[in-house]
> 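First the structure, then my questions, so here it is.
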Amino acid sequence: MLTPQMNLILDTLGLANLFGYTELKDEISNFLKNSLRLDNVCNILDASRLYELDSLVNICYTFIDKNAEDLLSHESFKYLYKDSLIELLARHSFYVDEVQIFKSVHGWIECNSDLKAEEIKEVVSKIRLPLISNIDLLTVVRPTGILDPDTLLDAIAVRERSKTSLLPHRGKLCPEENIAISKYGAKIIQGTSDGTCVLDDSNHPYDMEKGYTRHGISSRDDDTGIIVELGNIYIINYIKLLLWDLDSRSYGYVVDISVDRDYWERVIDYSNYRCRSWQHLYFESRPVKFIRIRGTYNSVNRVF
């Protein structure tokens, strides 16, 4: 339930849009950016989409991404406009367990009882059914009756025949934050280390005895290497790492990413390069849970 003040602000925004008062519209938009809360973000999102305030729309989505689970259980979620909900569900960064998304969408459908069958189908099509376990598909989704049996069977078939990493995963999006640190649950699960927290600080001191992780270089393209497990599935497109640079040696290496450690995708291949010191690695954004860095070359010895 919106406060009378927020209702008045949104009404004023509508009038400013209707009569073309651009400066007033921008001022209200700026005010709303700093006023987002769980009980008003859905209304502000709907209004900002209606009045084509793209900057405010993006800020609303960023807020929702960070509070996705809480929003799904909030009463205001049930009153989100259909088009806003469809766009929200399509976001890879709307990161909540998929069965919980289904339950909340089902509640939204029940609250909006005047929806046509085509509108319900349009909304439900954005739920990523293959991410829901078979048991939940049968015991949670099927009893609601909003999906036909063939759709459920198709979802089960996709889940059974696809590698887990190839499913349409969602992931947390934390722009400009280092999520490969222990604060966010990241840890090194493969590679020889002295136990120090080499993930926590880009300026972490190291020498011949401490502060680094290593592995023996193999001639085979196998599962050897240094593996970092992130605390959640995150959407990332950038990795920064420091290669040993206390002397003049150089390295070659590859970087693979995965959601489940069963299927790996290579995003960086510097096996034929001669690299030193800080590495800034960019690739197409994707959901990632595990990062494997495998050395292929060392100009001094067989250790990476």
Side-chain angles (χ1 to χ4, degrees), residues 2 6 9-10 13-14 17 25-26 28-132 141 144 146-147 151 155 158 167-175 232-237 284-287:
L2 290 180
M6 185 56 67
I9 291 170
L10 293 179
L13 178 61
N17 180 74
K25 187 175 166 181
D26 290 342
I28 295 175
S29 177
N30 289 331
F31 172 81
L32 292 174
K33 290 175 184 178
N34 299 310
S35 305
L36 293 177
R37 302 186 319 194
L38 281 175
D39 60 0
N40 66 26
V41 66
C42 289
N43 297 88
I44 294 174
L45 174 62
D46 286 336
S48 58
R49 291 185 74 255
L50 179 62
Y51 305 133
E52 299 180 340
L53 301 169
D54 293 341
S55 176
L56 183 55
V57 168
N58 290 331
I59 289 173
C60 286
Y61 281 138
T62 298
F63 178 90
I64 289 172
D65 285 347
K66 291 182 178 180
N67 300 277
E69 190 168 356
D70 291 334
L71 181 68
L72 285 179
S73 59
H74 199 277
E75 187 70 14
S76 63
F77 177 80
K78 295 178 181 178
Y79 303 100
L80 191 63
Y81 286 175
K82 175 180 69 74
D83 289 344
S84 296
L85 176 58
I86 288 172
E87 191 169 314
L88 180 63
L89 295 177
R91 288 173 62 80
H92 298 314
S93 54
F94 190 60
Y95 180 66
V96 189
D97 188 67
E98 205 70 23
V99 71
Q100 183 58 49
I101 291 177
F102 176 83
K103 290 177 181 178
S104 297
V105 169
H106 181 229
W108 180 90
I109 291 171
E110 290 186 321
C111 185
N112 294 270
S113 56
D114 58 340
L115 289 167
K116 298 177 182 178
E118 303 82 46
E119 293 176 308
I120 294 175
K121 185 176 181 179
E122 187 181 7
V123 171
V124 175
S125 69
K126 299 303 179 183
I127 299 175
R128 305 178 186 194
L129 295 175
L131 294 181
I132 301 177
V141 177
T144 65
I146 63 175
L147 287 166
T151 301
V158 169
L167 295 175
H169 288 282
R170 302 179 188 272
K172 280 192 170 186
L173 186 64
C174 301
N232 285 289
I233 298 176
Y234 285 93
I235 296 175
I236 65 173
N237 71 336
E284 185 179 345
S285 297
R286 66 201 68 203

> Closest heavy-atom contact between Trp108 and Lys82?
CZ2-CA, 3.8 Å

> Can you confirm whether more than 12 heavy atoms, excluding those of His92, are under 6.0 Å from its NE2 atom?
no

> Can you give me the closest heavy-atom contact between Asn17 and Tyr51, atom names plus distance?
ND2-CD2, 3.3 Å

> If you draw a 6.0 Å radius around NZ in Lys126, do more than 12 non-hydrogen atoms from other residues or ligands fall strictly inside?
no

> Distance check, rounded to the nearest 0.5 Å: Ile9 atom CD1 versus Asn40 atom CG?
9.5 Å

> Check Pro287 against His169 and note the closest heavy-atom contact, atom names and distance.
CG-O, 3.6 Å

> Yes or no on side chain to side chain contact (heavy atoms under 4.5 Å, CB included) for Ser73 and Gln100, after CA distance, side-chain angles and deciding distance?
CA-CA 9 Å; Ser73 59; Gln100 183 58 49; 5.7 Å; no

> So does Lys33 have more than 12 non-hydrogen atoms from other groups sitting under 6.0 Å from NZ?
yes

> Quick one: are Tyr79 and Cys42 in side-chain contact, heavy atoms under 4.5 Å?
no

> Applying side chain to side chain contact (heavy atoms under 4.5 Å, CB included), run through Leu129 and Ile132 and close with a yes or a no.
CA-CA 5 Å; Leu129 295 175; Ile132 301 177; 4.1 Å; yes

> Would you call Leu71 and Ser76 a side-chain contact if the rule is heavy atoms closer than 4.5 Å?
yes

> From Asn112 CG over to Glu119 CD, what is the distance, rounded to the nearest 0.5 angstrom?
9.5 Å

> Determine the minimum heavy-atom distance between Glu284 and Asn237, stating which atoms define it.
C-CB, 4.3 Å

> State the OG1-CG distance between Thr62 and Asn67, to the nearest 0.5 angstrom.
11.0 Å

> Out of curiosity, Asp26 CG to Asn30 CG, how far, rounded to the nearest 0.5 Å?
6.5 Å

> Find out whether Leu13 and Leu53 are in side-chain contact, i.e. whether some heavy atom of one side chain is under 4.5 Å from a heavy atom of the other.
yes

> How about Leu36 and Cys60: do any of their side-chain heavy atoms sit closer than 4.5 Å?
yes

> Would a 4.5 Å heavy-atom cut-off, applied to side chains only, mark Phe94 and Leu72 as touching?
yes

> So do Arg170 and Ile233 actually touch side chain to side chain, heavy atoms under 4.5 Å?
no

> Checking side chain to side chain contact (heavy atoms under 4.5 Å, CB included) for the pair Ile109/Val124: CA distance, chi angles, key distance, verdict?
CA-CA 9 Å; Ile109 291 171; Val124 175; 3.8 Å; yes

> Indicate yes or no: at least one non-hydrogen side-chain atom of Leu131 is less than 4.5 angstrom from one of Phe102.
no

> Would you check, one step at a time, whether the test salt bridge (Lys or Arg N to Asp or Glu O under 4.0 Å) holds for Asp65 with Arg91?
CA-CA 9 Å; Asp65 285 347; Arg91 288 173 62 80; 2.6 Å; yes

> Would you name the heavy atoms of Val96 and Ile101 that are closest together and state the gap between them?
O-CD1, 3.8 Å

> Measure the OG-CD1 distance between Ser93 and Ile64 for me, rounded to the nearest 0.5 Å.
10.0 Å

> Going by heavy atoms in the side chains, are Leu32 and Ile59 under 4.5 Å from each other?
no

> Taking all heavy atoms of Ser84 and all of Leu45, pick out the closest pair and write down the distance.
CB-CD2, 4.2 Å

> Rounded to the nearest 0.5 Å, what separates atom OG in Ser104 from atom NZ in Lys78?
9.0 Å

